Every structure is written in structure tokens, then in C-alpha cells.
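Bear in mind the structure is a predicted one, so any value in this text is a computation, not a measurement. Below, read A as the first sequence line, B as the second, and so on, with proteins coming before strands; counting in each chain starts at 1.
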Protein chains: 2
Amino acid sequence: MATLNEVALRAGVTSATVSNVLRQRGRVGEATRQRVLAAVSALGYRPHLTARALAEGRAPTLALMVSSIANPFYPEFALAAERAARRSGHFMIVCNTNEDPEVGRAYLEQIAGTLSEGVLVMNANLDFEDLYKTERRGAPVVLCMWERPDQPPDLPCVAVDFRAAGAIAAQHLLDLGHTRIGSIIGSKRGGIHAARQDGFREALRAAGVRHPQSTVRFAHDSIRGGYQAACSLLETHPELTAIFASNDLPALGAMHAAADLGLRVPQDLSVVGITDIELARESRPALSTVAVPTCQAAEMAVDLLRQLIERAQRGAATDVGVRAAGMEATGAEAVLATMMRVTSAPILMARASTAEPRASKP
Amino acid sequence: MATLNEVALRAGVTSATVSNVLRQRGRVGEATRQRVLAAVSALGYRPHLTARALAEGRAPTLALMVSSIANPFYPEFALAAERAARRSGHFMIVCNTNEDPEVGRAYLEQIAGTLSEGVLVMNANLDFEDLYKTERRGAPVVLCMWERPDQPPDLPCVAVDFRAAGAIAAQHLLDLGHTRIGSIIGSKRGGIHAARQDGFREALRAAGVRHPQSTVRFAHDSIRGGYQAACSLLETHPELTAIFASNDLPALGAMHAAADLGLRVPQDLSVVGITDIELARESRPALSTVAVPTCQAAEMAVDLLRQLIERAQRGAATDVGVRAAGMEATGAEAVLATMMRVTSAPILMARASTAEPRASKP
DNA sequence: GTGAAAGCGCTAACAG
DNA sequence: CTGTTAGCGCTTTCAC
């Protein structure tokens with residue numbers, strides 16, 4: 001691998017000049033410019049990214065922390081995030097934490113600020129303390145899918161209004177005429193899907209539809225989890241005409257359960273999910289769901305991160321930027337702490353897994 | 001971020017000593033060692049990976065080239081590969097080429113040898129010339145899922161015997177008593193799935209079962225592609241009792257098609273795929289398929305890459321290592337060019353999508 | 001316009 | 001045992 005110096009030697013100039021030519025900086029004589037360019041291509045010179053980053057005082061990558069890239073939701077996000085990162089001149093390192101905060105900490109310790117200029121966090125079960133520490137060390141952190149725009153966290157984030165998503169799902173079922181609806185929440189009670197559950201529940205209440213605790217199941221956020229929860233739900237509550245799942249995977253599982261119990265979807269049972277992962281379009285019947293702007297979120301997250309990085313490099317002593325409504329500017333720290341972007345609203349994707357309830361259902 | 005020098009200052013030693021302490025190198029007095037360690041934790045020192053890599057003459061990452069991480073097969077592989085990479089002290093950069101050789105080239109140009117020490121290539125539609133060039137520049141390249149152990153490529157690779165996989169799928173169908181079998185190939189004719197098709201076809205021929213061209217469809221390697229191909233197949237050949245798909249996604253699509261055409265799987269139609277992606281276990285009915293050792297392949301690929309990297313660093317002038325059978329050692333170049341590892345054999349996962357054909361089928 | 005020089009943070013000889 | 005000295009390959013003032 002040819003170095004700058006070798007190129008310089010061959011062109012009869014100094015490495016500074018070659019650097020200037022390559023970076024289109026200052027005024028270099030046209031003649032030398034040509035000589036340099038010739039040498040560059042003759043030697044097949046390519047800049048050494050590691051060396052460049054070190055000299056520039058930056059880091060060449062962004063880190064994406066996920067619990068496991070194998071979760072069907074993440075690859076779509078990762079794809080969009082990587083594209084966006086490339087646009088800002090970064091490569092993307094994928095960090096699978098396997099839901100283990102220790103692993104997450106080890107990653108942050110090692111690469112934040114040294115190999116990665118900033119950190120994107122998908123729901124990876126990280127210790128917030130570790131994230132604060134990372135930030136204090138100078139490596140910006142962005143939470144990629146915050147579920148409560150109404151309650152900004154102490155970290156910059158991109159928020160998706162999942163409460164609205166839950167409400168939209170509920171409204172869809174209500175509009176079809178359902179009144180006996182079960183729900184499957186793909187997290188612990190009060191866990192990550194709480195906002196979705198709240199939105200759903202409130203929409204039902206507003207419509208005067210009962211939704212007793214006994215028709216709610218908390219499940220693992222997977223097809224299998226949804227399957228089990230749905231079986232339990234339908235066994236104890238055969239009168240249900242619809243099931244809401246807080247995520248697409250459990251919704252898919254619920255459809256399987258229905259099939260195994262001899263119920264036809266959507267004639268005997270309607271099923272609706274949230275997210276609109278690719279699989280939702282490919283299932284049989286196609287899953288009705290509330291689409292969340294995944295790609296937009298990824299782009300906004302990377303963009304926010306980029307801005308934070310720029311600010312950090314400029315010394316954090318300058319302007320204010322976007323911040324959460326209702327907050328006073330109490331110094332850069334506080335402003336950073338509540339910086340939030342909100343994606344566009346979730347939208348209903350009515351497909352084949354929902355329909356009007358059959359009047360004849362027992 | 002504290003630097004080595006700051007730590008040294010505080011401990012009253014020189015940065016070299018701190019480095020020695022941290023890297024457990026040479027003999028450092030216990031007293032100074034303690035002082036250094038104290039300073040390290042007082043300052044919260046963490047080594048700067050970029051600087052370290054530059055000084056050591058290595059690169060801190062491995063690059064994984066995939067066409068799109070959103071392809072359901074890749075995340076499982078990427079997860080295993082990342083784990084393995086961590087073990088060898090590397091972080092993993094994901095490079096989505098979007099099937100575009102230009103994009104792939106741009107990645108290779110930029111990071112191979114400068115930010116990434118080596119390159120893992122999943123079927124990413126890359127230009128082989130670019131890969132050779134990358135290798136010549138000193139960044140080892142490993143093909144991760146070579147489909148023909150019998151025909152080693154000119155690049156180090158991990159091969160999976162997909163021909164055997166095709167044969168196993170065929171044998172499964174034959175054992176069940178099927179004789180009228182259609183096949184869906186998830187690539188172009190003679191394309192990437194050719195070995196799977198060959199293995200399948202030969203097994204049928206060996207058993208004396210006819211498999212005319214008219215019962216073969218080439219399709220896009222996706223659920224949708226499989227769906228369309230299966231519709232076409234079943235429309236023109238209603239007598240078929242089974243369908244073989246060269247990949248799980250098209251197999252899943254074939255199941256959907258059957259459902260839409262009023263055929264029950266497996267009673268009216270058996271479907272078998274290849275790979276055993278997670279989804280295969282979660283489909284209804286669960287897909288019978290031939291499992292391929294994805295994780296093992298990932299680990300072997302990273303391991304092979306690690307060895308190549310080590311060799312490249314030692315100067316490529318030493319030992320010979322594993323190489324394809326029947327090749328003479330004609331210098332390091334030639335040896336490298338034909339280095340291949342073969343994973344353990346694919347195995348049948350007989351699940352619910354296959355059964356004996358109904359005697360009564362028209 | 002171009003070169004000389006310092007330095008990014010760390011490692012790796014080699015002296016002492 | 002510890003310090004000194006050179007870099008790794010590149011960028012970036014600042015003179016000439």
C-alpha cells in the first residue's frame with residue numbers, strides 16, 4: 001500500500017502538497033497538481049483511513065448497539081442507518097449486546113470516542129449510567145426508538161409516537177365494529193411497550209369499550225411468544241373477536257394460534273400488530289398493522305448524531321439547536337440532555353388480517 | 001479522554017512504562033505498576049483504538065460485505081460472524097452493497113487494508129477483479145458461502161456442500177414416495193443456486209424419477225418470487241405432489257401459493273426448502289428444509305480470515321497451511337488462491353410441510 | 001504555490 | 001526495571 005510520502009517522492013513534491021491536492025485544499029499549481037495526480041494513480045494510492053482519522057482527531061465509524069441483529073426488526077433499521085452514516089462519511093460497526101448490559105458496557109468502553117465517533121442505541125438493554133458516562137467522555141449517544149415523545153429521556157433521542165400507534169390500532173378495530181378485544185403486549189408489564197398499550201387502552205376507553213385485565217397477556221416479543229399468549233387468551237376468552245399485539249412478531253404468532261385452534265383470520269378473528277416489518281406483508285393472510293417510519297427514524301438518528309458530533313468538536317460552546325419544548329436553556333448540558341426529534345406519525349396499514357366481526361360468534 | 005501521556009505524568013513515569021503495564025508486557029516493578037494502575041483508573045484512561053491500530057500496523061475491524069443486511073439469511077450469519085470477530089479482537093463493519101458492484105468497489109477501495117484488516121464476502125454480487133485487487137493490496141478476502149466444494153474458486157473460501165443439500169431434499173421427497181415434483185430455483189439458470197439444483201436433479205435421476213424442464217422455475221430469491229413461481233408451476237402442472245425450492249424464502253412463498261390455490265400442505269402438496277432460516281421453524285406448517293451450518297460457516301470464515309491476516313503480517317513467506325486437494329504448491333500466491341474450508345454436511349430437518357403424497361391426487 | 005515541522009495517541013526497539 | 005527515541009500515515013499551521 002503506497003503512502004502519501006511515496007506519492008510525494010514520485011511526484012517530486014512533499015507530502016503536504018499531495019495532501020493539499022487530494023483534499024482540494026489551498027492553491028496548488030496546475031502543473032504540480034497534474035504530476036501529483038499522475039503519481040497517485042500510478043501507485044494506486046488510497047488514503048489510510050485510520051491514519052487520517054487519528055490526524056484529524058476524529059473516528060471513522062459510528063457504532064450501532066442492538067441486542068441482536070438477528071431480530072427481524074433491526075436489519076431494516078440497520079440498513080437505513082448505514083446508508084445515512086455513509087452519507088456523513090462514517091462506516092457502521094454493529095455491536096450485538098445479546099441483551100447483556102455487561103457486553104454493552106464493554107463495547108462502549110472500547111470503541112466510544114476511540115474508534116466510533118458516536119453511538120446509536122436500539123433497544124439493547126443497556127445501562128443508562130454507561131450511556132451517560134459515554135456522553136461525558138465526549139462520544140455523543142442517540143437513542144433510536146424512544147417510545148414516549150411526551151416523556152423525553154435524559155439523552156438525545158429520536159422518538160416515535162407509539163402511543164398513537166396503539167390508538168390507531170384500537171381505532172381500526174373499533175371502526176370495524178369489534179368490542180371484545182384481547183391484547184398481547186410484547187414486553188413486561190410497564191416495560192418497553194407500555195406506551196403502545198396505553199394508547200390502545202385509552203382509545204378503547206374513550207370509545208366506551210371494556211378491556212378487562214383478564215384479556216391482556218404479556219409475552220415474549222416473538223412469534224412464539226405471541227402464539228402462546230394467543231392460545232392462552234383464546235382458551236380463556238373464546239368470545240374475543242379481535243386481538244391487538246404490540247408488535248408484528250407476536251401478531252404473527254397470534255395468527256398461527258388462531259389457525260391451530262380452527263379459527264379463520266379474519267372471519268373468526270381479527271389480528272392487528274404494530275411496526276410493519278417486511279414479514280407483515282408476506283404473511284398469510286397479510287397482516288394489518290400500524291406502520292412505523294423505521295427508515296426515517298434511522299435517518300433522523302444518524303443526522304442528530306452527526307450534529308452532536310459536530311458540536312462536540314467545535315467545543316460545545318456555541319449555539320443551542322433544537323430542543324424539547326418547554327425547556328429553558330440552562331447551559332449546553334441540559335440542552336443536550338433533552339434533545340429530541342420526533343418522526344412522522346405512524347399510519348394504519350389495513351390488510352387482510354382484520355375484518356368486521358361475525359355476528360354469529362358465540 | 002485521558003491519554004497515555006497524561007497517565008504517565010500522573011504516575012511519574014513515562015508513557016512507555018504505562019504501555020508496558022497495560023499490555024502486561026515486560027517486567028515492571030510492582031510499586032510502579034500499582035502507581036500506574038492507580039493513575040489509569042483515576043483518570044478513567046481507555047486506550048485509543050485508532051491510535052493503537054496505527055502504531056501496531058494493523059486495522060481494528062473486519063468488513064462484512066452483503067448485498068443487504070435486510071435479507072433474512074444474513075443477520076443470522078452476521079451475528080455469528082461478529083461474535084467470532086470479537087474473539088479475534090476485531091469489530092465488524094457491515095457493508096451493504098445493494099447488489100451494486102460499484103458500491104462494493106467503493107467500499108473495498110476505502111476500507112480494505114486501511115480500516116479493515118480483512119474482508120468477508122457474502123453473496124454480494126461483487127466483481128471478482130476487485131477482490132483480487134484487494135487481496136494483492138494485502139487485505140485478505142474470504143468468500144463465506146461457496147456453493148461448490150468440488151470447484152474451489154480462486155479465492156480463499158468457506159464452502160458448504162449445497163449440492164448435497166439438494167440431494168438430501170430430493171431423497172426426502174423420494175423417501176416419502178413422491179414422483180411428480182416441481183422445483184423452484186431462487187437464482188438465474190446456472191446462477192448461484194446451480195449446485196443445489198444439480199444435486200436435486202441428480203438424486204431424482206439416480207432414483208429413476210422424471211423431472212422435465214417444464215417443472216422447473218427460476219425465480220427471485222424471496223417469498224414473493226417463490227409464490228409466483230409456485231402459482232405458475234401448479235397451474236401448468238396440477239399433477240405435482242411436491243415442490244422443492246432451492247432456498248427457504250421461495251419455499252415459504254410456495255406454501256402461500258398452495259394455500260391460495262386451495263391446496264393443503266402437506267396433504268395435497270409437500271414443500272421442502274434449503275437453509276433452515278429461523279422463519280422456517282415459525283411458519284405454518286413448519287417448513288421441512290435442509291439445514292445448512294450457518295454459524296459454523298461464519299466461524300470458519302472469520303477463523304480463516306484471521307489466519308490469512310496473520311500470515312500476511314508475518315510476510316507471507318512461511319508455511320503452507322490447508323489447501324485444496326490435488327493442487328501442487330506453486331508459491332504462496334497459488335496456495336492462497338485455492339485455500340478452502342468445508343463445513344460439516346447439511347442435514348435434513350423434516351417438519352410439517354412434507355408428507356406422503358395422497359394416492360387420490362388427480 | 002510549496003516545503004518544513006510538529007503532532008494525533010500509541011507501540012516497539014534499544015539504551016541505560 | 002524504566003526512559004529515550006523513533007516512528008505508524010496523515011493533517012495542518014506557518015514560514016519561505
Which whole-number value in Å describes the distance from B:N5 CG to C:dG7 P?
12 Å
For a quick check under 3.5 Å, do A:R105 and A:Q110 share a side-chain donor-acceptor pair by atom type?
no
Please work out if B:T50 contacts a base, only the sugar-phosphate, or nothing of the nucleic acid, heavy-atom cut-off 4.0 Å.
nothing
Looking only at side-chain N and O atoms, does A:Q296 offer a donor or acceptor that is under 3.5 Å from a partner on A:R341?
no
5'-most by nearest nucleotide on DNA chain C - A:S15 or A:V28:
A:V28
For A:T14, report the nucleic acid contact type (base, sugar-phosphate, nothing); a contact means any heavy atom under 4.0 Å.
base
Report yes if a side-chain nitrogen or oxygen of B:R33 is closer than 4.0 Å to either non-bridging phosphate oxygen (OP1 or OP2) of D:dC1; otherwise report no.
no
Would you please confirm or rule out a distance under 4.0 Å between OP1 or OP2 of C:dT11 and any side-chain N or O of B:R52?
yes
Contact between A:F77 and A:V66 at the side-chain level, heavy atoms closer than 4.5 Å - yes or no?
no
If you compare every side-chain N and O of B:S19 against the phosphate oxygens of C:dT11 (OP1, OP2), does one of them come in below 4.0 Å?
yes
Need one value for A:G29: base, sugar-phosphate or nothing, where a base atom within 4.0 Å counts as base even if backbone is also close, heavy atoms only.
sugar-phosphate
If only side-chain N and O atoms of B:T32 are considered, is one of them under 4.0 Å from the OP1 or OP2 phosphate oxygen of D:dT2?
yes
